[in-house]
Amino acid sequence: MSVTANRPLAGQRILLCVGGGIAAYKALELVRRLRDAGADVQVAMTAGAQQFVTPLSFQALSGYPARTTLWDSAAEQAMGHLELAHWADRVVVAPATADLLARLAHGMADDLVTTLCLATEAPLAVAPAMNHRMWKHPATVANVGLLRSRGVQVIGPDDGPLAEGESGPGRLREPDAIVAELAGVAPPAATPAAPGALQGLRVVVTAGPTYEDLDPVRYLGNRSSGKMGFAVAASAARAGAEVVLVAGPVQLDTPPGVQRVDVRSAAQMRDAVDAALPADVYIGAAAVADYTPRAFSPKKIKKTGTGETLALDLVRTPDILAEVASREDAGLKLVVGFAAETHNVADYARQKLEAKRLDLIVANRVGVPGTGFESDDNAMTAYWPGGERDFPPAPKLRLADGLVELVAERLRADAR
Ligand code: PMT
């Protein structure tokens, strides 16, 4: 992403949610200014906003059909509202009416705009506009305070003449000033992959844990939730790839456009990966068991009369990643591994990169609260021969976009 003084929002995807106030007409100009600043803009409107301006005007200015309702099956088919919420790097509500601020503050999801704001993980900015008495009302003051306490950026309002002939604080900040305030806040940590960045490529992703069965009731497993791998698969699909997701036992929905193969054990995961190849890219995000019981006991293993301890006889599982990386017949242009490290991250990651003949390795910093296994967030550093990139703490969904962008870059840089 090239951010220049003239295009301070270059590369950012902004979802503009337009509320139902007279200032809605200024949101048309805001679309133009956001685009001038380099942003890609999609618009969602409340029912009230549609009383003041037409969706067609926003379509003409943004280049996308404006979204007006949750219940539009054609629009949902093109891009579901959850996808739209995820698409956005930032969500900007302008004008934000008193009613809309109240509904956002209280987590309502009773129309398209509030649902999008609740479903997104992107930073939210609101530009209020309303009568000055409504702005000063203790209810609005409390609602704005609540939003600020959650990290919402509040832009304006300005003090001055209002539509109804009165004067006071409540004017929507001018579009140029809104753009300047948005540009003053750091852009999201990860740059999403450009649409089509992996077009025409087949990508195999592994995710989640493996369960190694000991007997009909017990297994050896680990704490991987699959969230990281699923996020990577979803992001690769959004970037245009044909994605096969080989998933260990997890409780997650299949991302749109992804072909999912469920497995349980490391051996099954290897078979499923083999069946999914050849491919252009392999991304091993699964936490595959390193050991499995030598033999499965068809009967429940019982406590013995005297034994205080129980030794399990375990054997190594196949190293799927190393096997895939060494295959000449799999057509792979890029092989990506993951590693969970608590210390000496760079050294250990680079050792694995070399030992397993990988093109890229992504090291999670585990042992840091709120990252790694199970959490919705992560922090990671990617290493490749001659380079590295730090991904600061962020939701896994956003880090996955950054990783997919890096994969696309590495593919461009050095074909395998
Ligand atoms: O699933 P989440 O809760 O979202 O958590 C995400 C994660 C922390 C599990 C994920 O980001 C991650 O780091 N996965 C790799 C976990 C790990 O420590 O793997 P490892 O160091 O044991 O293995 C390194 C690499 O070899 C991994 O790419 C792994 O998929 C692969 N491997 C390991 C063993 C094996 N038998 N076969 C393999 O392919």
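As the structure lists them, so they are numbered: ligands from 1, and atoms in each ligand from 1. Only heavy atoms go into these numbers, but all of them, side chains included; no hydrogens, no water, no symmetry mates.
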Exercise. Does Gly21 offer a backbone N or O that forms a donor-acceptor pair with the side chain of Thr97 under 3.5 Å?
Worked result: no

Problem set entry | Residue pair Glu121 / His86, side-chain donor-acceptor N/O under 3.5 Å | no

For this session: Ignoring hydrogens and angles, state whether a donor on the side chain of Ser235 or Asp401 is under 3.5 Å from an acceptor on the partner side chain.
Result: yes

Dump all N/O pairs between ligand 1 and the protein below 3.5 Å as a table: atom names plus distance, one pair per row.
residue: ligand 1; atom: 1 (O); partner: Ser224; partner atom: OG; Å: 2.6
residue: ligand 1; atom: 1 (O); partner: Ser225; partner atom: N; Å: 3.2
residue: ligand 1; atom: 1 (O); partner: Gly226; partner atom: N; Å: 2.7
residue: ligand 1; atom: 3 (O); partner: Ser225; partner atom: N; Å: 2.7
residue: ligand 1; atom: 3 (O); partner: Ser225; partner atom: OG; Å: 2.6
residue: ligand 1; atom: 3 (O); partner: Glu374; partner atom: N; Å: 2.7
residue: ligand 1; atom: 4 (O); partner: Ser225; partner atom: OG; Å: 3.4
residue: ligand 1; atom: 4 (O); partner: Lys227; partner atom: N; Å: 3.3
residue: ligand 1; atom: 4 (O); partner: Met228; partner atom: N; Å: 2.8
residue: ligand 1; atom: 4 (O); partner: Lys396; partner atom: NZ; Å: 2.7
residue: ligand 1; atom: 11 (O); partner: Asn364; partner atom: OD1; Å: 3.1
residue: ligand 1; atom: 11 (O); partner: Asn364; partner atom: ND2; Å: 3.3
residue: ligand 1; atom: 13 (O); partner: Asn364; partner atom: ND2; Å: 2.4
residue: ligand 1; atom: 14 (N); partner: Ala285; partner atom: O; Å: 3.0
residue: ligand 1; atom: 21 (O); partner: Lys352; partner atom: NZ; Å: 2.9
residue: ligand 1; atom: 26 (O); partner: Lys356; partner atom: NZ; Å: 3.2
residue: ligand 1; atom: 28 (O); partner: Gly284; partner atom: O; Å: 2.6
residue: ligand 1; atom: 28 (O); partner: Phe338; partner atom: N; Å: 2.9
residue: ligand 1; atom: 28 (O); partner: Phe338; partner atom: O; Å: 3.3
residue: ligand 1; atom: 30 (O); partner: Gly284; partner atom: O; Å: 3.4
residue: ligand 1; atom: 30 (O); partner: Ala286; partner atom: O; Å: 2.7
residue: ligand 1; atom: 36 (N); partner: Thr317; partner atom: OG1; Å: 3.2
residue: ligand 1; atom: 36 (N); partner: Pro318; partner atom: O; Å: 2.9
residue: ligand 1; atom: 37 (N); partner: Ile320; partner atom: N; Å: 3.1
residue: ligand 1; atom: 39 (O); partner: Ile320; partner atom: N; Å: 3.4
residue: ligand 1; atom: 39 (O); partner: Leu321; partner atom: N; Å: 2.8

Problem set entry | Partner set under side chain to side chain donor-acceptor pair (under 3.5 Å) for Tyr64, not counting sequence neighbours | Asp40

For this session: Assess the side chains of Asp111 and Thr114: does a donor N or O sit below 3.5 Å from an acceptor N or O?
Result: yes

Problem set entry | Thr210 and Glu212: side chain donor to acceptor below 3.5 Å | yes

